[in-house]
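Inspection log for the structure reproduced underneath, given as structure tokens.
Only heavy atoms go into these numbers, but all of them, side chains included; no hydrogens, no water, no symmetry mates.
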Amino acid sequence: MSDLADWPDDPAERARELVEGVLDELDLDGDVEIQEDDDRILINVVGGDDYGLLIGKRGQTIDALQLLCYQAAFRGLRERKRVIVDAAGYRGRRRETLESRADRAAEQALTNNRVVEMDPMSAQERRVVHERLKGRSGVETYSEGDEPHRCVIVAPLVHE
């Protein structure tokens with residue numbers, strides 16, 4: 001890793017250097033693409049390698065890298081925005097999986113008229129579930145437990 005004094009001033013470029021450094025350390029090839037708008041910096045690793053090592057079990061490694069990128073990008077700066085790190089389309093696939101699990105949990109809650117506790121997940125993943133079921137009639141969602149075991153509860157609404 002380069003000395004912090006050599007780091008670029010631009011937050012997106014700081015994040016790019018960090019991700020490229022991690023790819024080098026893991027001996028993975030890939031292009032680091034950056035898309036930036038007013039709300040976020042999206043860092044996408046694309047290439048032919050298997051990025052399982054970079055993603056990690058249940059996305060834990062890529063989530064940790066995302067947090068590091070956020071901290072590195074905005075170190076010493078007041079203005080901040082979200083930083084999202086993705087590799088090989090993992091985030092999109094994970095969103096689809098979470099949305100289908102949310103739908104199944106809602107069906108179970110309604111069919112069996114009982115509370116369904118989903119697996120523990122990160123705050124970002126819980127947000128996906130809450131958003132998915134927000135407009136669903138007959139159920140409510142809330143989070144319960146302490147990190148890292150915090151999970152979404154899908155409960156049938158009680159009609160009186």
Scan the side chains in residues 27-46 for donor-acceptor partners under 3.5 Å anywhere in the protein, sequence neighbours excluded, and list what turns up.
from : atom 1 : to  : atom 2 : distance (Å)
E36  : OE2    : K81 : NZ     : 2.9
D37  : OD1    : D39 : N      : 2.8
D37  : OD1    : R40 : N      : 2.9

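- Side-chain atoms of L133 and V154, non-hydrogen and from C-beta on, do get closer than 4.5 Å to each other.
- Between A109 and A155, the shortest heavy-atom distance links the atoms CB-C, 4.5 Å.
- Although no hydrogens or angles enter the test, the distance criterion places no donor-acceptor pair under 3.5 Å between the side chain of R126 and the main chain of V152.
- Expressed to the nearest 0.5 Å, how far CG of D63 lies from CG of L68 amounts to 11.0 Å.
- Both V22 and V83 are part of a single hydrophobic cluster, where members link through side-chain heavy atoms under 4.5 Å apart.
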Legend entry - Worked verdict on R91 versus Q66 for side chain to side chain donor-acceptor pair (under 3.5 Å): CA-CA 12 Å; R91 299 267 181 220; Q66 181 170 289; 2.9 Å; yes
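- Contact check on K134 versus E131 returns a salt bridge, with a Lys/Arg side-chain nitrogen under 4.0 Å from an Asp/Glu carboxylate oxygen.
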Inset, instruction - Start with the C-alpha distance between L157 and V139, add both sets of side-chain angles, then the distance that settles side-chain contact (heavy atoms from CB on, under 4.5 Å), and finish with yes or no. - result: CA-CA 5 Å; L157 288 174; V139 296; 5.6 Å; no
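- Annotation for N112: atom CG counts as buried by contact number, over 12 foreign heavy atoms lying within 6.0 Å.
- A donor-acceptor pair under 3.5 Å is formed between the side chain of D50 and the backbone N or O of G52.
- A salt bridge links R95 with E99; the closest basic N to acidic carboxylate O contact falls under 4.0 Å.
- Nearest approach of C69 to V19, heavy atoms of both residues: SG-CG2, 3.5 Å.
- Minimum heavy-atom separation, R58 to P120: NH1-O, 4.3 Å.
- A donor and an acceptor atom, one from each side chain of Q124 and R94, are nowhere located under 3.5 Å apart.
- Using a distance-only test at 3.5 Å, with no hydrogens or angles considered, no donor-acceptor pair links the side chain of R132 to the main chain of A102.
- With hydrophobic clusters built from ILVMFWY side chains whose heavy atoms lie under 4.5 angstrom apart, L53 shares a cluster with L65.
- Note that CE of M118 is 9.5 Å distant from CD of Q108, once rounded to the nearest 0.5 Å.
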Legend entry - Derivation of the side-chain contact (heavy atoms from CB on, under 4.5 Å) call for V129 and R101: CA-CA 8 Å; V129 173; R101 284 188 185 162; over 6 Å; no
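- Contact between L110 and G138 at its shortest, heavy atoms only, is CD2-O, 3.4 Å.
- Here the straight-line distance linking atom CG of L77 with atom CG of D10 works out to 9.5 Å at 0.5 Å rounding.
- The residues E17 and R14 are annotated as not salt-bridged, no charged nitrogen and carboxylate oxygen being separated by less than 4.0 angstrom.
- Side-chain contact between R150 and E147 is present, with heavy atoms from C-beta onward closer than 4.5 Å.
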Inset, instruction - With side-chain contact (heavy atoms from CB on, under 4.5 Å) as the test, would you mind laying out the steps for Y90 and L54 before giving the verdict? - result: CA-CA 11 Å; Y90 168 76; L54 180 66; over 6 Å; no
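- Hydrophobic clustering keeps V128 apart from I84 (ILVMFWY residues linked when any side-chain heavy atoms are closer than 4.5 Å, directly or through intermediates).
- Under the 4.5 Å side-chain criterion, counting only non-hydrogen atoms from C-beta, R80 is in contact with Y70.
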Inset, instruction - Go through the steps for R127 and H130 under the test side-chain contact (heavy atoms from CB on, under 4.5 Å), then give the verdict. - result: CA-CA 5 Å; R127 188 178 310 116; H130 291 306; 5.5 Å; no
